[in-house]
*Asks:* 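Attaching a single structure in structure tokens format; questions to follow.
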Protein chains: 4
Amino acid sequence: MQFNQDKAIFLQIADRLVEQVVQGSLQANQRLPSVRELAVQLEVNPNTIVKSYAYLEENQVIYKQRGKGFYVAELAKKDLIEKKRHEFTEQTLPQLYAEMQRLGFSVDEVIKLLSKMQK
Amino acid sequence: MQFNQDKAIFLQIADRLVEQVVQGSLQANQRLPSVRELAVQLEVNPNTIVKSYAYLEENQVIYKQRGKGFYVAELAKKDLIEKKRHEFTEQTLPQLYAEMQRLGFSVDEVIKLLSKMQK
Amino acid sequence: MQFNQDKAIFLQIADRLVEQVVQGSLQANQRLPSVRELAVQLEVNPNTIVKSYAYLEENQVIYKQRGKGFYVAELAKKDLIEKKRHEFTEQTLPQLYAEMQRLGFSVDEVIKLLSKMQK
Amino acid sequence: MQFNQDKAIFLQIADRLVEQVVQGSLQANQRLPSVRELAVQLEVNPNTIVKSYAYLEENQVIYKQRGKGFYVAELAKKDLIEKKRHEFTEQTLPQLYAEMQRLGFSVDEVIKLLSKMQK
DNA sequence: GTGGTCTAGACCACC
DNA sequence: GTGGTCTAGACCACA
């Protein structure tokens, strides 16, 4: 797999897994590939996967069972989507608004541009 | 000055200077503070300022006169604004649109949210 | 059964059995459930039960009869209680006392807190 | 330095640093030894120290400054002591009380034992 | 100089 | 088989 140089690989892997949970290709309580498996698959050192999984476990996206492996957390999908929607309305949009104003775009102009994309 | 730990300090300083050019508090051909001056003012290692100035020079926002210092480039303001407006319509907005869709926001909802901010 | 992820499952099972002996729900010379039975009941890998029983056998809480199964040791209850009372006065309490002092609790305060629980 | 086999080294190092903060031998905003320094001093791999520091940073006991190092957090001492006192009254003592009862000690007996230590 | 990341490879406890 | 930890050593961005 190709990785972006700008961001830590373990984070890119975590992001990818989060995406899969949000999209639904990873379901609640589904088992994730083992550390070694995923390491081989992504052509990465197992320790890097360990770090990704540890990161996701901290953020309660996945949980582990001793000697068995990692599983998708029950509330992961719901929580993640909720979190992202919150970020969108509370951060992304206000930032967009500020940027807009600094660059001299009016709300109406932006609305027009957005409406165009819809078609 | 307070810096965000997530982004390199030299980039945060460069962003800040770009902002000042766009806003007009730094005019074309105006001399920038010396590396040492700015380092003291921002409580930062001089090397960090050197890196910020080098970065801005690469991006033709400022130019250097040997033995004198750094100056705001003639076209900096115009170019920067144009560049940013282009980025906004060609990158920021399409990205926002994609994000919106993934999270299940309709264009109408986003328009409403933006309109609210205007008030 | 739910297990704590912080402690090895085989030890948690052993602790549980010890508790049952001390409480009396497992009597001297009573036969323990077979490895497979208990494994099914606790939804655990049979190997884990094997390890728990081996651990208890080492500590002379239970004994094995070839081809028959595991039984609660004669002196298990008496020994365990004696051992635990000894641990309590010689280890648990002194540790508590040290912790107390480090955190600035006086003996009187702790006595008050303990007395409250009694009610 | 000698480490206990039962607990991860990186956690033992973190505990040790927490102790030093609580005791006051590490003051607020004081710089910690660099990763490499401490690694040499404790005869441990630098990665192990990285893990300890990351763990403490997550728990807001320390913070880092890019390119400079790690520092003791402002509220670390206060928070840590408060947290530990809370644990003591809400967990340690109730557990002690339960253990006491199971082993047939009365509150009065325990109070006597504690009072003896005081002398 | 600082910490952050990654690889390679080993050993361990646990299931 | 599983994950967890640790070592050794390398490279990187940043101050």
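Just so it is clear, the structure is predicted and the values come from calculations on it, not from any experiment. The figures that follow rest on heavy atoms only: side chains count, while hydrogens, waters and symmetry mates do not. Chain A is the first sequence line, chain B the second, and so forth, proteins listed ahead of strands; every chain is numbered from 1.
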*Asks:* Which whole-number value in Å describes the distance from A:Asp6 CG to E:dG4 P?
*Replies:*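 That distance rounds to 18 Å.
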*Asks:* A:Phe3 CZ to E:dC6 P: how many Å, rounded?
*Replies:* 9 Å
*Asks:* Determine whether B:Leu17 and B:Gln20 make a side-chain contact, defined as any pair of heavy atoms from C-beta on separated by less than 4.5 Å.
*Replies:*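 Counting from C-beta outward, B:Leu17 and B:Gln20 do come under 4.5 Å.
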*Asks:* Kindly assign one of parallel, tilted or perpendicular to the pair A:Phe10 and A:Tyr55, based on the angle between their ring planes and the thresholds 30° and 60°.
*Replies:*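 If you compare the ring of A:Phe10 with that of A:Tyr55, the planes turn out perpendicular.
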*Asks:* Report yes if the side chains of D:Arg36 and D:Val40 come closer than 4.5 Å at any heavy-atom pair, otherwise no.
*Replies:*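 The answer is no, as the side chains (C-beta and beyond) never meet within the 4.5 Å cut-off.
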*Asks:* Over how many whole Å does the gap from D:Lys64 atom NZ to E:dG1 atom C1' extend?
*Replies:*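 After rounding, the reported distance stands at 17 Å.
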*Asks:* If you look at every heavy atom in A:Val35 and A:Pro46, which pair is closest and at what distance?
*Replies:*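 Taking A:Val35 first and A:Pro46 second, the nearest heavy atoms are CG1-O, 3.5 Å.
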*Asks:* Decide if atom CD of A:Glu87 counts as having more than 12 heavy atoms of other residues, nucleotides or ligands within a radius under 6.0 Å.
*Replies:*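 Result for CD/A:Glu87: enclosed.
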*Asks:* Taking all atoms of both residues into account, what is the closest heavy-atom pair of A:Tyr63 and A:Asn29, and its distance?
*Replies:*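 Shortest heavy-atom contact: OH-OD1, 2.9 Å.
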*Asks:* Between F:dG3 atom C1' and A:Leu38 atom CG, what is the distance in whole Å?
*Replies:*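 Spelled out: CG on A:Leu38 to C1' on F:dG3 is 14 Å.
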*Asks:* Rounding to a whole Å, what distance do you find between A:Gln5:CD and F:dC14:P?
*Replies:*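 Whole-Å distance recorded here is 13 Å.
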*Asks:* Only Watson-Crick and G-U wobble pairs, only distances under 3.5 Å, only runs of 3 or more: what stems does that leave for DNA chain F?
*Replies:* E:1-14 with F:1-14
*Asks:* Take atom CD1 of D:Ile49 and atom C1' of F:dT5, then tell me their distance rounded to the nearest Å.
*Replies:* 14 Å
*Asks:* Should D:Glu99 and D:Leu103 count as side-chain neighbours, where that means a heavy-atom distance under 4.5 Å?
*Replies:* yes
*Asks:* In whole Å, what is the span from the CZ atom of D:Phe70 to the C1' atom of E:dG1?
*Replies:*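 Whole-Å distance recorded here is 15 Å.
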*Asks:* State which of F:dG4, E:dT2, E:dG4 makes the closest approach to the side chain of A:Val50.
*Replies:*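 Nearest nucleotide to the side chain: F:dG4.
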*Asks:* Between E:dG4 atom P and D:Tyr55 atom OH, what is the distance in whole Å?
*Replies:* 17 Å
*Asks:* Can you see which heavy atom on D:Thr48 is nearest to which on D:Val44, and at what distance?
*Replies:* CB-CG1, 3.3 Å
*Asks:* If a protein heavy atom is under 4.0 Å from the base, mark B; if only from the sugar-phosphate, S; if neither, -; do that for nucleotides 7-15 of chain E going 5' to 3'.
*Replies:* BBB----SS
*Asks:* Please determine if C:Glu19 and D:Arg102 form a salt bridge, counting it only when a charged side-chain N lies under 4.0 Å from a carboxylate O.
*Replies:*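 Here C:Glu19 pairs with D:Arg102 in a salt bridge, since their nearest N and O are under 4.0 Å apart.
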